[in-house]
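All values derive from a computational prediction rather than experimental measurement.
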Amino acid sequence: MKLSVRLAGFTALAAVLATACAPQTSGTSSSGKDEKTGTLRVWLFQEVDNQPKQRVVDAVLADFEKAHRGAEVTVEYIPVETRAQRVKAAFNDPGSAPDVIEYGNTDTAGYVKDGGLADVTREFDAWSESRDTDPTARRSVTVDGRVYGAPYFVGIRALYYRTDVFRQLRLRVPRTQAELISTAKRIRAARPDLYGLAVGGAYTYGALPFLWANGGDLATEKSGGYASALGGPAARKGIEAYTSLFGDDNCPAAKCASMTGNDTVTAFTAGKAAMAIGGNFSHAAVDAGKAKGKYAVAPLPGVRAGSIAPAFAGGNNIGVLKSTSHRTLAVDLMKRLASKKTQGRLFDAMGFLPTFTDVRQQAAAREPFVKPFVDTLAAGTRFVPVTPAWAQIDSSLVLPTMFQEIVSGRKDVADASADAAKKMDDAFGSAG
């Protein structure tokens, strides 16, 4: 069967977002159909360098089509930054919705509340490979004891740095957060053609380690729900540390305030930054850029010498939409995309850390670049509040707006963090 793979780097958003349908937990498709032939649509995230990922996915889809005569697959690679609008619209328009999606682990609770993801508990538990899934990864697809997808990879961020620049300027790898900030500014002073440390006002998961390392948090549990903690003194100290990196002495606010995580990694790969906070999943893109052979990776330092800043326990999952009319085929494709074989190939191609404990151990034994990320995992990671409200907070850009208000000078840290805290509390309250 002919394989049809369509790449699309979307920027257009769905125009109308209707009210989400009520959550459903039935084991069957809400379409009432389970067709065994026809075209399945898949949405996957677009990477900084998407070609290695595409090659792995193409091989999976070719095998899938051979196993299912009469079935074809089309793939669209969508920007991570616009996923919230696109997926929300898909939940409300089954006719144009995909059958299978890649989604961030922070999105699980919100997508389940919206009734968009299919409950695949029975199929996941019957899948022989699932027994080797990392318990943390399994929790990322679980809501109220039910499973809504298969873990795809673990995402951990660390500090990428240019070894040639450090050698030229006789710098050592920063051991504390204060050293990191001062080193970034020393590089910028000596090499004004470079950002010392590429940072982004829209890079939430690059900013959070600064907040957590200073003892702050996003929210605290309160009466069965959450209350924002952004206004606390420890959180403000972390926000001040991160936003101090925006300026002509490191990463000019006029350019860097709007940068996303992918933008900061792109700056590093293009030879425009001496340091960047990138994920294990950024490895392939860095190796394909100007920094190849001239960089190393270390854990992002914490406040105390020798400590590691808590990293966001990120990662992505593969799920089946409840509206699919090809449930059996979609579940099989989900398992193939998230299988041990595929995760091993994605590690080799992209540096994605596998969610299976045995596959991850094999990967770490093969590739030394994994060690800083494994060390960061071992030092302790953090997560966002596990509530559907987080999807609203994330998609409405509460934290990026706060950072951008501070670095632009429109508000000070106290006012910007207080405003962001109020927006978060409003979201927590509306989520129930």
Find out whether [X] and [Y] are in side-chain contact, i.e. whether some heavy atom of one side chain is under 4.5 Å from a heavy atom of the other.
X: Leu333; Y: Leu61; answer: yes
X: Val73; Y: Phe64; answer: yes
X: Leu321; Y: Pro98; answer: yes
X: Phe210; Y: Gln177; answer: yes
X: Phe356; Y: Gln343; answer: yes
X: Leu230; Y: Met424; answer: yes
X: Leu353; Y: Phe373; answer: yes
X: Pro151; Y: Phe124; answer: yes

Check whether the side chains of [X] and [Y] place a donor and an acceptor atom closer than 3.5 Å, and report yes or no.
X: Asp119; Y: Thr121; result: yes
X: Gln85; Y: Ser395; result: no
X: Ser96; Y: Asp93; result: yes
X: Asn105; Y: Ser140; result: no

Would you call [X] and [Y] a salt bridge, taking side-chain N to carboxylate O under 4.0 Å as the test?
X: Arg138; Y: Asp132; result: no
X: Asp217; Y: Arg382; result: yes
X: Asp375; Y: Lys371; result: yes
X: Lys53; Y: Glu47; result: yes
X: Asp348; Y: Arg366; result: yes
X: Arg41; Y: Glu72; result: no
X: Lys36; Y: Asp34; result: yes
X: Arg83; Y: Asp107; result: yes
X: Asp419; Y: Lys423; result: no

How about [X] and [Y]: are their ring centres within less than 6.0 Å of each other?
X: Phe369; Y: Phe347; value: yes
X: Tyr111; Y: Tyr148; value: no
X: Tyr205; Y: Phe312; value: yes

Hey, does the side chain of [X] reach the backbone of [Y] with a donor-acceptor pair shorter than 3.5 angstrom?
X: Ser339; Y: Thr342; value: yes
X: Asn92; Y: Val87; value: no
X: Asp134; Y: Thr136; value: yes
X: Arg188; Y: Leu194; value: yes
X: Thr163; Y: Lys294; value: yes
X: Gln404; Y: Ala257; value: yes
X: Asn250; Y: Tyr195; value: no
X: Thr183; Y: Leu180; value: no
X: Tyr203; Y: Ile277; value: yes
X: Asp425; Y: Ala227; value: no

Is [X] atom [atom1] crowded by more than 12 heavy atoms from other residues, nucleotides or ligands, each under 6.0 Å away?
X: Asp144; atom1: CG; value: no
X: Lys340; atom1: NZ; value: yes
X: Lys255; atom1: NZ; value: no

Which pair of non-hydrogen atoms, one from [X] and one from [Y], has the smallest distance, and what is that distance?
X: Glu405; Y: Ala416; value: OE1-CB, 3.9 Å
X: Ala137; Y: Thr355; value: CB-CB, 3.9 Å
X: Pro79; Y: Gln46; value: CG-OE1, 4.2 Å

### Task
Measure the spacing between CD of Glu102 and CH2 of Trp43 and express it to the nearest 0.5 Å.
13.0 Å

### Task
Describe, in one word, how the ring planes of Tyr295 and Phe268 are oriented to each other, choosing from parallel (under 30°), tilted (30 to 60°) and perpendicular (over 60°).
perpendicular

### Task
Could you go through the salt bridge (Lys or Arg N to Asp or Glu O under 4.0 Å) check for Lys341 and Glu129 one step at a time?
CA-CA 10 Å; Lys341 181 178 180 180; Glu129 294 188 357; over 6 Å; no

